[in-house]
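Some notes on the structure that comes next.
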2 protein chains.
Amino acid sequence: MTETANAAVATTGTSVMDAAQGTGSPGRAALLRALEELAREQGVSNVGLREVARHAGLSHAAPTHFFGSRDGMIRALAFEGLQLLDDELCVAQERDAQLPGRERLVSDAMEFVAFAQRHPAHFDAIFRTPSAAAGDDSLDRARRAALDGLRALVMEVHAAGDISGDVETVFLQLCTLSHGIASLAVDGLLKGFDKVPEGPNVSAEVVERIIRAQVAQLP
Amino acid sequence: MTETANAAVATTGTSVMDAAQGTGSPGRAALLRALEELAREQGVSNVGLREVARHAGLSHAAPTHFFGSRDGMIRALAFEGLQLLDDELCVAQERDAQLPGRERLVSDAMEFVAFAQRHPAHFDAIFRTPSAAAGDDSLDRARRAALDGLRALVMEVHAAGDISGDVETVFLQLCTLSHGIASLAVDGLLKGFDKVPEGPNVSAEVVERIIRAQVAQLP
DNA sequence: ACGATCGCTTTACATTGTCAAGAGGCAGGA
DNA sequence: TCCTGCCTCTTGACAATGTAAAGCGATCGT
């Protein structure tokens, strides 16, 4: 039983996504909440297995029981985060369905950055701890699937004639730009720039200015 | 002597930059080389203090002797990397001095992600391990200084009339886009996209396509 | 010649991640 | 009813880690 625990959970669900929350024993959920809270302050890769257990009020071996290993625990948080990301992006796309095409692109990219700032621990686990996910292709697939929503939106806006140019390149531009903003914002590395006010997290206005400039410039 | 070792080194040099290589005892240099090699495969935050010492053929306490702590060791790698980044960006800017304005922007941004792919351990230490640098404002300042070259270039190109629009926003666009590409490329997260060939590291052509599209669209 | 500093090791200790072996409870079947 | 198995979780142990303190030889300034 090296990592069968989460592997089983990951392949049992109906969709690829509902792996994390699926069958939630109270202990398991408490551990994930503790991990999230600690990782939000220290970064995922700096939280310890036993620290999480202590914070959740359980014995030091509880995490390995549920997740198989420390990496398994982080993977579980990543899956939970992908589910969350998918949900939030879906409701945002619904909400903005009647906006003009380019506005929908702006909104979607902003929503991605907002997700990273709302759930920094999840964001970290999903996109910035690939070492913990090495050899787990299910996470790779889930990660890619979560981005398909944005890809589809780009194609839709392109088909409607609101933008032109190569669809995949536009998609890559939006992905990398959003990821860059989110990463820098979460790490507090955007603080030193002009026009970026200090504060707990980067204001949405700055994010919006960057993304809006980007989208407005699309061919 | 909590962290006086590197703090002393960091404030002794003539410039802010030459902190890492400055006074290099052979042991210290060997440790940094070992750290770089190990971090290039495992990621900075997954390499252990004793592992580095072993790899360098020294006793397990050698790193703390030179760097004060594990975090100090990572900070030292970050400073070394900033020096390196500054150098490489400078020679690139000289080399491209006679190119048209927008080409210089493209080249500079590409040089940044090339740096990240050439020196993933340094890139990681500089921009993606802020927890290790917490409370060390000298690293913050050095990080920002390293980006001033790009900012100056943007201002120059703007002054020459090759681009218009808000300079700081353009600068932020280029920074966040480059950082996003570099981060995803280093973590191997760009592999699953269409148009991105598989391989050890993302080909420069893809990077160029994204950045070139970005720059071409600037107002 | 001699103390001080540099470069590094040895020893020691608290803490971590992981494994094996349970303990207690709840379900279902005989 | 009792037995069996599973599910949740603990206890105990072990190797490995990060950090601190003390020490040891060489080199250097005085």
Side-chain angles (χ1 to χ4, degrees), chain A residues 1-9 12 21-35 38-39 42-77 125 129 131-134, chain B residues 1-9 12 20-35 38-39 42-77 125 129 131-135:
Chain A
M1 198 230 271
T2 60
E3 47 179 314
T4 66
N6 55 322
V9 176
T12 306
Q21 300 274 44
T23 68
S25 70
R28 199 188 130 99
L31 287 168
L32 282 178
R33 296 288 66 75
L35 170 59
L38 292 170
Q42 317 174 2
V44 158
S45 55
N46 288 341
V47 306
L49 196 55
R50 290 168 113 105
E51 193 185 2
V52 171
R54 239 171 302 158
H55 202 77
L58 296 175
S59 89
H60 70 259
T64 70
H65 165 66
F66 285 110
F67 308 111
S69 71
R70 183 176 173 278
D71 282 358
M73 184 175 71
I74 295 174
R75 265 194 299 263
L77 189 70
T129 319
S131 49
Chain B
M1 197 230 270
T2 60
E3 48 179 313
T4 65
N6 54 323
V9 176
T12 306
Q21 299 274 44
T23 67
S25 70
R28 200 188 128 100
L31 287 167
L32 282 178
R33 295 288 66 74
L35 169 58
L38 292 170
Q42 316 174 1
V44 159
S45 55
N46 288 342
V47 307
L49 196 54
R50 290 166 113 105
E51 192 185 3
V52 171
R54 239 171 306 160
H55 203 78
L58 296 175
S59 90
H60 70 260
T64 74
H65 166 67
F66 285 110
F67 308 111
S69 71
R70 185 176 172 278
D71 282 359
M73 183 174 71
I74 295 173
R75 264 193 301 262
L77 189 71
T129 320
S131 49

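The sequence lines fix the lettering, A, B, ..., with proteins before strands; numbering per chain opens at 1.
Atom P of nucleotide dT17(D) and atom CG of Leu38(B) are separated by 12 Å, given to the nearest angstrom. A straight line from NE2 of His65(B) to P of dA22(D) spans 17 Å, rounded to a whole angstrom. Atom CG in Asn46(A) sits roughly 14 Å away from atom C1' in dT17(D) (whole-Å rounding). Atom CZ of Phe67(A) is separated from atom C1' of dT8(D) by 13 Å (rounded to the nearest Å). The separation between Met73(A) atom CE and dT16(C) atom P is 12 Å, rounded to whole Å.
In terms of the side-chain contact (heavy atoms from CB on, under 4.5 Å) criterion, residue partners of His55(A) (sequence neighbours excluded) are, by chain and number, Ala34(A), Glu37(A), Leu38(A). Residues satisfying the side chain to side chain donor-acceptor pair (under 3.5 Å) test with Ser131(A), not counting sequence neighbours, are Asn46(B). Considering only residues two or more places apart in sequence or on other chains, Ala125(A) meets the side-chain contact (heavy atoms from CB on, under 4.5 Å) condition with Val44(A), Ile74(A), Leu77(A), Ala78(A).
Across Gly27(A) and Phe66(A), no two heavy atoms sit closer than the pair C-CE1, 4.2 Å. Considering every non-hydrogen atom in both Arg70(B) and Val47(B), the closest pair reads NH2-O, 3.1 Å.
The distance from the CZ atom of Arg50(B) to the OG atom of Ser59(B) is 9.0 Å, given to the nearest 0.5 Å.
Taking every side-chain heavy atom of Ser69(B) into account, dT19(D) is the closest of dT11(D), dT19(D), dC9(D). Checking dC9(D), dG17(C), dC8(C) against every side-chain atom of Arg70(A), the shortest atom distance belongs to dG17(C).
Of the residues in residues 49-60 of chain A, those with a non-hydrogen atom less than 4.0 angstrom from any atom of DNA chain C are Leu49(A), Arg50(A), Arg54(A), His60(A).
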